[in-house]
Amino acid sequence: MKPLPDFDMVLFGGTGDLAMRKLLPALYQQVKAGTVSPASRILAAARRKLSRAEFLDLAEASCKPFLGEAYDAATWKAFAERVSYFSVDAQDAASYAVLGEALGQHPDRVRVFYYSTAPEFFAAISAHLGNAGLITARSRVVVEKPLGHDLESSREINDAVGQHFAERQIFRIDHYLGKEPVQNLLALRFGNVLFEPLWRREWVQDVQITVAEQLGVEGRGDFYEHTGALRDMLQNHLLQLLCIVAMEPPTGSDPDAVRDEKLKVLRSLKPFTPMDVATKTVRGQYKAGAVGSGPVSAYVEEPGVAPDSRTETFVAVKAEIDTWRWAGVPFFLRTGKRMPDKLAEIVINFRPVPHPIFGEAAHGGRANRLIIRMQPDESMRLYLVAKQPGDAMTLQPVNLNLDFAESFRARRLEAYERLLMDAIRGKLTLFVRRDEQEAAWRWVEPILENWASSEERPKYYTAGSWGPAASSALLSRDGLAWNEED
Ligand code: NAP
């Protein structure tokens, strides 16, 4: 891997869960890979008063389990030499002075401000950095989701950050875009001639995107009560994945060429009427059940959740794209908590052959299918129909398996690792532009509004199931079913 330029990364929320689970381990991995120069610095900042040694002790203990076999004491020492800690209260201008002093030692260096705090602080942090003159021409800011809870609040945050950073300096992270199989889908689509002629309504029957979690709300009930699955997952991650599947070939790989095409997809999504919300969306909430080996309680029994909560922990949607390429092809999206498996996949179902010359029985009605899986394993499998060995002309599905772990020996990058490196290098392609984000909010708003004004409750599903029965019915009305391939 190419070395990174010398950088200073300021990690607001440096003591938080995301920093410990993902961000600091990603930076450690890059130190281990030799891409981070000894001069580069990681400046962790949070509200607590900690000495550098206390912060490093906390970081080592917290990151170690997430680093697993990648942890070794010598690399940790090299990593720790680059780390310092600053006690900064996001809302207190004076507390930025020490940070400013440290940054001032290298005024010309790439500066990355990572906002890994609650979004209510983004405006204050931007203003205080701006007013203290800490935002240089080589500075950039990485902002975490959720950027608002609707179109208006996302505009407010974007306006506040945008007062101090130019759009080309703002890196809105959607870690699904950093995942290896998503990158590979781009390579498959635009690095081969084979798929492009098939990638359209004439040959694609339907597309399914699933992001399922086994976890519940994990003690964050009060946060989740005001969020729900549509805002937390579908508005951002699932719509971004849909864009990668549906976008037209961009003219190049530069950021705006790719993001322009994604924006066109978002703007071509058929808007939902109130009738569509009733017939083409399903919201669910889990009740008590069993996931994995143990019993789990209902969503409404989680701490911080109202007993009569209407927050959805599951959503399924039938999206349609009004373009020549995709008219009439349903894109089914679903995401939920307390599902049987942790699963994230995109399934492209191709149409059946127009005339089964070996007969329906031999063919078994099977069609081609491409499955891009991000979790639990990272893989891409193309299902073809082949003849079973023997004298009878019996067909069976076989899959061409492009298993990343087996085909490529190089260590795979975690999504956050790739995205942090891109932010340091100033590569915006895998980050979401403001107009994309707002187009996504605009499309989901009628769903949010109709749900909010409806008397109907979310449909219950048993924890450990694939969601309410209405989710299957959403597809069966079109004669289809959710993918069940392993
Ligand atoms: P968290 O564990 O609650 O950590 C919050 C961080 O913000 C802590 O470092 C805390 O510092 C700091 N903080 C709180 N109030 C502050 C203030 N007034 N001034 C300065 N710092 C302050 O949160 P998290 O889970 O890491 O999430 C951070 C952000 O990433 C959130 O926007 C979240 O939605 C988003 N996100 C998180 C995840 C995840 O997996 N955790 C995934 C996607 C997005 P102290 O320790 O000093 O209080």
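In listed order, ligands and their atoms are each counted from 1. All residue numbers refer to positions in the sequence shown, counting from 1.
The heavy atom nearest to atom 43 (C) of ligand 1, considering only Gln91, His237, Glu144, is found in Glu144. If you check each of Asp17, Ile173, Leu58 against atom 2 (O) of ligand 1, the one with the closest non-hydrogen atom is Asp17. Of the candidates Lys22, Lys49, Lys145, Lys145 brings a heavy atom nearest to atom 33 (C) of ligand 1. Distances from atom 19 (N) of ligand 1 to the heavy atoms of Ala90, Ala118, Pro146 put Ala90 nearest.
Between Phe165 and Phe113, the ring-plane angle classifies as perpendicular under the 30° and 60° cut-offs.
You'll find the ring centres of Tyr286 and Phe314 outside the 6.0 Å limit.
Within the 4.0 Å heavy-atom criterion, the part of Phe121 lying near ligand 1 is the side chain and not the backbone. Looking at Arg47 against ligand 1, both its backbone and its side chain come within 4.0 Å, counting heavy atoms.
Of the protein's non-hydrogen atoms, the one nearest atom 6 (C) of ligand 1 is Gly13 CA, 3.6 Å. The protein heavy-atom contact nearest to atom 28 (C) of ligand 1 is Ser116 O, 3.1 Å. The nearest protein atom to atom 29 (C) of ligand 1, hydrogens excluded, is given as Thr117 O, 3.4 Å; this is a heavy-atom distance. In terms of protein heavy atoms, atom 47 (O) of ligand 1 is closest to Arg48 N, 2.7 Å.
Using a 4.0 Å cut-off between charged side-chain N and carboxylate O, Arg21 and Asp17 make a salt bridge. Salt bridge Lys179/Glu414: absent, no basic N to carboxylate O contact under 4.0 Å. Using a 4.0 Å cut-off between charged side-chain N and carboxylate O, Glu261 and Lys264 make a salt bridge. Ion pairing between Asp89 and Arg47 fails under the 4.0 Å rule for side-chain N and carboxylate O. Taking a cutoff of 4.0 Å between a charged side-chain nitrogen and a carboxylate oxygen, Glu417 and Lys22 do not qualify as a salt bridge. The residues Glu436 and Lys262 are annotated as salt-bridged, a charged nitrogen and a carboxylate oxygen being separated by less than 4.0 angstrom.
Shown in contact with Ala46 at under 4.0 Å from a heavy atom are these atoms of ligand 1, numbered in order with element: 9 (O), 11 (O), 47 (O). Near Pro119, meaning under 4.0 Å from one of its heavy atoms, ligand 1 places the atoms 32 (O). Near Arg21, meaning under 4.0 Å from any of its heavy atoms, are these atoms of ligand 1: 39 (C), 40 (O), 41 (N). With ligand atoms numbered from 1 in the order given, ligand 1 contributes 17 (C), 18 (N), 19 (N) to contacts under 4.0 Å with heavy atoms of Asp89. Listed by number with element, the atoms of ligand 1 under 4.0 Å from a non-hydrogen atom of Gly16 are 2 (O), 4 (O), 8 (C), 9 (O), 26 (O). For ligand 1, the atoms lying closer than 4.0 Å to a non-hydrogen atom of Thr15 are 8 (C), 9 (O), 10 (C), 11 (O), 45 (P), 46 (O), 47 (O). Close contacts of ligand 1 with Val88, meaning ligand atoms under 4.0 Å from a residue heavy atom, involve 19 (N), 20 (C).
Defined by atom type and a distance below 3.5 Å, a donor-acceptor pair is present between the side-chain atoms of Arg334 and Thr210. If you check the side chains of Thr227 and Asp232, you find no donor sitting under 3.5 Å from an acceptor.
In the displayed structure, Lys145 atom NZ is contacted under 6.0 Å by more than 12 heavy atoms of other residues, nucleotides or ligands. No more than 12 heavy atoms of other residues, nucleotides or ligands shown are found within 6.0 angstrom of CD on Glu456.
At under 3.5 Å, a nitrogen or oxygen of Leu18, whether backbone or side chain, sits near a nitrogen or oxygen of ligand 1.
Residue contact check for ligand 1: His175 places no non-hydrogen atom closer than 4.0 Å to it.
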